[in-house]
**Student:** 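Have a look at this one before I ask anything.
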Amino acid sequence: MSHVTRETLTSVLEEIALLLELKGENPFKIRAYRQGAEIVGSFDGDIVARARDNDLDGIKGIGAALQDKLHELASTGELEFHQKLRAEYPAGIFDLFDVEGLGPKKVAALYNKLGIDSLPALKQACEDGKVAELSGFGKKTEQKILEALARREKFADRFRLHTATHAAETILEALRDHPKVLRAQYAGSLRRSRETVGDLDFIVATDSPAELTEWFSRLDQANEVIARGDTKCSIRLDNGLQCDLRAVSNDQYPFALQYFTGSKEHNVALRSRALKQGLSLNEYGFSAAGKATQHEPIPAVHDERDIYRTLGLDLIPPELRENRGEIEAADEGVLPRLVELENLRGTFHNHTTASDGHATLEEMGGAAIELGLRYLGIADHSKASFQANGLDEERLLKQVEEIGTWNDNHGEELWIFSGSEVDILKDGSLDFADDILARLDYTVASVHGSFTLDEKTMTRRLIRAMENEHVTMLGHLTGRLLLRRDGYAVNHEKIIDCAAETGTIIEINCNPHRLDMDWRWWRKARDRGVLTSLNPDAHRPEQFQFLKFGIGVARKGWLRKEDVLNTFPLEEVKEFLGKPKKQR
DNA sequence: GCCGTTTTCGGCCCGACTGTTTTCAGTCG
């Protein structure tokens, strides 16, 4: 029996939904499977064990049929219903859904009428002009499919935050400078601080929407205009990133901003709450829902806060809008006061030219002062990371001396903590002996090799490291590189429990390639009493800017100022690091 | 397939845009 994970359950449910769509099944049944996948994916608890034990009663959205199917899948590793559906279509057909402009109806037509079952077959059929002949298709559709196929080979379909943020801020600035724009903001997953984004959404309030969409389509950055109407325009930038503009009236603006910020799941939950109050909510406003018996006046709405207030909720920060308990918390008035960039007083885990950084200790210190930080933690690589010019004991102790000199001269302005990003070796031991580590102010323990251990062994390896008195924090927990490499297998729950027991901090690595540990785990970790540190892992001064991405992760993870070590004043950090780990 | 202080049956979010049509289906968000 193959090993069943949460991922197995969600992907099977999603695949069933797709296959049912191909067959032209009842759309509501299809949605039930999709929602089932969503619920399983974000379930707070060991959903795999619950499914195996047939203990799924009372989970909203998982009815009798899905319970049976999940139980069968979790206990046997297979699901007959799924296998049978799958056998009706070739495997390559799933790739067709990824082509822009192709949905279930068109994919079904391509397969049923032309036998197209793979991307190469699709390309060939378009080039032969066969696709244009199908009813419901035409010359333009055929051309667009070819373009979409070419684009797939050339561009990524998702983008990391530094790329997306840079483009978004440039365009937002231009929008706000436009004389006909009253208010403007970017919405979508970027506003929610997701770890990667698929496209950018801009909302503007204006009295001249058509003029704005026209202007947007002519932006310098627009490599291609995908669509343009009187209220909506989509362009594609040179790097393939799609940007959508929605132009609305000033009255509609808060609704459009709320709606397009999402998430979809959050909005669905919000709308159903509105309906219970006799209100219908969409991207343009509130209206009376159902049989309008006697409708109370709908309160005026000027901004997002008013929308939430009308629904009896505190304003929910965009980062929390994932339908993971934020609506309930807002209802009870117990939303956390989230940490902000301005709360940060220092930062740990930064590199210098001593290992693989591009700036000297003095340059990094100078940049930290310019940023207004009160303290800085240096943590260069250890000797096992020879590819990164890791420090041996001698060079490390020399650096400790240099930092001492810095503190003698500049400590009043910027205090530097001497540390090490010490490698966790394959067996969980550390790259430096305890007596060396004891001479440092702090350490970040990270895995830089032997990534392919199985989950149990990898988890044991990390736990052994955390049990060391001298390990202050764990670096980039899973080693993932977003859009490039999955993290190594590790049992997050056990790591979080161990961090809580041993008093080990888990860093949020703020590098936009990592953003590790993932935001989805932080609320749980926080509730167990685990502390984090927002670490830019800066290899050059500009990379202190990564802190803003880490703040996004922390906020998405429901973290408050008091959950983040580097919001503490210097004296408190010194006191904290001076205490034995267990007492922190 | 799921759900129920309107319902155990009959609902389930919907508006904008494009392309293929000749009044609308499909896709997207």
Side-chain angles (χ1 to χ4, degrees), chain A residues 13 16-17 20-22 24-39 56-70 81 96-110 131-145 147-148 157 187-189 192 197-203 209-210 213 217 225-235 242-248 252 255-256 258-285 287 289-291 293:
Chain A
L13 292 183
I16 289 174
L20 292 177
E21 269 186 322
L22 272 180
E25 263 279 5
N26 175 359
F28 299 107
K29 184 195 274 198
I30 292 160
R31 203 169 70 185
Y33 278 98
R34 279 237 157 83
Q35 274 173 346
E38 191 60 43
I39 290 160
L56 294 167
D57 266 342
I59 302 174
K60 197 162 175 284
I62 309 284
L66 261 71
Q67 287 187 26
D68 285 348
K69 292 193 170 73
L70 287 169
F81 178 69
L96 302 186
F97 284 93
D98 292 337
V99 178
E100 247 180 294
L102 293 189
K105 294 280 160 51
K106 287 212 156 79
V107 170
L110 289 167
V131 170
E133 292 166 11
L134 288 178
S135 84
F137 292 72
K139 262 281 156 265
K140 277 203 162 165
T141 306
E142 188 174 80
Q143 193 54 36
K144 288 213 154 181
I145 292 174
E147 284 166 14
D157 59 345
S189 49
R192 300 202 314 280
V197 304
D199 57 20
L200 300 181
D201 298 287
F202 298 90
I203 316 293
T213 57
S217 73
V225 178
I226 301 165
R228 197 186 89 212
D230 287 345
T231 65
K232 196 179 141 172
C233 178
S234 294
I235 59 172
Q242 181 176 329
C243 301
D244 297 342
L245 176 78
R246 321 233 168 205
V248 296
Q252 294 168 336
F255 293 98
Q258 195 287 322
Y259 183 89
F260 288 107
T261 295
S263 63
K264 200 173 69 205
E265 294 75 21
H266 174 87
N267 286 351
V268 167
L270 218 56
R271 281 198 296 274
S272 92
R273 184 182 173 96
L275 280 175
K276 285 184 190 137
Q277 292 179 215
L279 286 173
S280 164
L281 171 65
N282 64 21
E283 62 261 56
Y284 301 115
S287 54
K291 300 160 225 155
T293 43

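First the proteins, then the strands, lettered A, B, ... as listed; each starts at 1.
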**Student:** Is A:Tyr259 close to A:Arg246 at the side-chain level, that is, under 4.5 Å between some pair of heavy atoms?
**Tutor:** no
**Student:** Within the 4.0 Å heavy-atom criterion, would you say A:Leu66 contacts the bases, only the backbone, or no part of the nucleic acid?
**Tutor:**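 It contacts sugar-phosphate atoms only.
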**Student:** Can you check the distance between B:dC12 and B:dT8, where both ends of the measurement are the C1' atom (answer in whole Å)?
**Tutor:**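 B:dC12 and B:dT8 have their C1' atoms separated by 16 Å.
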**Student:** Measure the shortest side-chain to side-chain distance between A:Lys106 and A:Thr141 over non-hydrogen atoms and say whether it is less than 4.5 angstrom.
**Tutor:**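 Side chain of A:Lys106 against side chain of A:Thr141, heavy atoms only: contact under 4.5 Å found.
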**Student:** Tabulate atom names and distances for all N/O pairs under 3.5 angstrom spanning the protein and nucleotides 10-12 of chain B.
**Tutor:**
residue, atom, partner, partner atom, Å
B:dC12, O3', A:Arg31, NH2, 3.2

**Student:** Rounding to the closest angstrom, what is the interatomic distance between B:dG10 and B:dG15 at atom P?
**Tutor:** 25 Å
**Student:** Map A:Gly63 and A:Ile226 onto DNA chain B by nearest heavy atom, then report which one ends up closer to the 5' terminus.
**Tutor:** A:Gly63
**Student:** Side chain of A:Lys140, heavy atoms from C-beta onward: which of B:dG15, B:dC17, B:dT20 has the nearest atom to it?
**Tutor:**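 Nearest to the side-chain atoms of A:Lys140, counting from C-beta on, is B:dT20.
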**Student:** Is A:Glu142 reaching over with its side chain to a backbone N or O of A:Ala132, donor-acceptor style, under 3.5 angstrom?
**Tutor:**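 At least one qualifying donor-acceptor pair exists.
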**Student:** Taking CG from A:Asp57 and P from B:dC2, how many angstroms apart are they, rounded to a whole number?
**Tutor:** 12 Å
**Student:** Answer with base, sugar-phosphate or nothing: what part of the nucleic acid does A:Ser234 contact at a heavy-atom distance below 4.0 Å?
**Tutor:** nothing
**Student:** Taking the same atom, C1', in B:dT20 and in B:dT27, what whole-Å distance lies between them?
**Tutor:**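 Rounded to whole Å, the distance is 14 Å.
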**Student:** Considering only the P atoms, how many Å lie between B:dC3 and B:dC13, rounded to the nearest integer?
**Tutor:** 14 Å
**Student:** Compare all side-chain heavy atoms of A:Lys60 with those of A:Gln35 and state whether any distance is below 4.5 angstrom.
**Tutor:**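 Counting from C-beta outward, A:Lys60 and A:Gln35 never come under 4.5 Å.
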**Student:** Is there a side-chain contact between A:Ile235 and A:Arg228, using heavy atoms and a 4.5 Å cut-off?
**Tutor:** no
**Student:** Out of B:dG1, B:dC3, B:dC17, which nucleotide sits closest to the side chain of A:Lys60?
**Tutor:** B:dC3
**Student:** Please say which of A:Thr213, A:Asp199, A:Ile226 ends up in a side chain to side chain contact (heavy atoms under 4.5 Å, CB included) with A:Ser234.
**Tutor:**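 Only match with A:Ser234 under side chain to side chain contact (heavy atoms under 4.5 Å, CB included): A:Ile226.
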**Student:** If I compare all heavy atoms of A:Leu13 with all of A:Ala37, which pair ends up nearest, and what's the gap?
**Tutor:**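 For A:Leu13 versus A:Ala37, the nearest heavy atoms are CD1-N, 3.6 Å.
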**Student:** Could you go through A:Lys232 and A:Asp244, starting from their C-alpha distance and side-chain angles, then the distance that decides it, and tell me whether this counts as side-chain contact (heavy atoms from CB on, under 4.5 Å)?
**Tutor:** CA-CA 7 Å; A:Lys232 196 179 141 172; A:Asp244 297 342; 5.8 Å; no
**Student:** Is there a side-chain contact between A:Leu102 and A:Leu110 in this structure, where contact means two heavy atoms from C-beta onward sitting under 4.5 Å apart?
**Tutor:**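 They are in side-chain contact.
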**Student:** So that I can tick it off, tell me whether A:Lys264 and A:Glu38 are bridged by a salt bridge, with the cut-off set at under 4.0 angstrom between side-chain N and carboxylate O.
**Tutor:**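 So A:Glu38 does not pair with A:Lys264 through a salt bridge.
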**Student:** Out of B:dT20, B:dA16, B:dG1, which nucleotide sits closest to the side chain of A:Ala32?
**Tutor:** B:dG1
**Student:** To the nearest Å, give me how far apart CG (A:Asp68) and C1' (B:dC2) are.
**Tutor:** 14 Å
**Student:** Nearest-Å distance, CG (A:Asp230) to P (B:dC17)?
**Tutor:**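 Atom-to-atom, A:Asp230 to B:dC17, this comes out as 7 Å.
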**Student:** Take atom CD1 of A:Ile59 and atom P of B:dC3, then tell me their distance rounded to the nearest Å.
**Tutor:** 11 Å
**Student:** Taking a pair as Watson-Crick or G-U wobble with both distances under 3.5 Å, which nucleotide is matched to B:dG10?
**Tutor:**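 Pairing partner, where one exists within any strand: B:dC3.
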**Student:** Tell me: CD of A:Gln35 to P of B:dC3, nearest whole Å?
**Tutor:** 9 Å
**Student:** Under 4.0 Å between a side-chain N/O of A:Ser280 and OP1 or OP2 of B:dC13, yes or no?
**Tutor:** no
**Student:** What is the separation between atom OH on A:Tyr33 and atom C1' on B:dC2, rounded to the nearest whole Å?
**Tutor:**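 Distance, rounded to whole Å: 11 Å.
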**Student:** Enumerate the protein-to-nucleotides 26-29 of chain B contacts in which both atoms are nitrogen or oxygen and the separation is below 3.5 Å.
**Tutor:**
residue, atom, partner, partner atom, Å
B:dT27, OP1, A:Gly103, N, 2.7
B:dT27, OP1, A:Gly103, O, 3.1
B:dT27, OP1, A:Lys106, N, 2.9
B:dT27, OP2, A:Lys105, N, 3.4
B:dC28, OP1, A:Gly101, N, 2.8

**Student:** With respect to the phosphate group of B:dT18, does any side-chain polar atom (N or O) of A:Lys144 fall under 4.0 Å of OP1 or OP2?
**Tutor:**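 Result: no.
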**Student:** May I ask you to decide if A:Thr261's main-chain N or O and A:Arg192's side chain share a donor-acceptor pair within less than 3.5 Å?
**Tutor:**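 Confirmed, A:Arg192 side chain pairs with A:Thr261 backbone.
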**Student:** Within this structure, what is the OH-to-P distance between A:Tyr284 and B:dC13, rounded to whole angstrom?
**Tutor:**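 Atom OH in A:Tyr284 sits about 18 Å away from atom P in B:dC13.
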**Student:** Examine B:dG1: is either OP1 or OP2 under 4.0 Å from a nitrogen or oxygen in the side chain of A:Lys69? Give yes or no.
**Tutor:** yes
**Student:** Measure the distance from CD on A:Gln252 to P on B:dG15 and round it to the nearest whole Å.
**Tutor:** 13 Å
**Student:** I'd like the P distance from B:dG1 over to B:dT5, given in whole Å.
**Tutor:**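 It works out to 23 Å between them.
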**Student:** Taking the same atom, P, in B:dT21 and in B:dG26, what whole-Å distance lies between them?
**Tutor:**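 About 12 Å, rounded to a whole number of Å.
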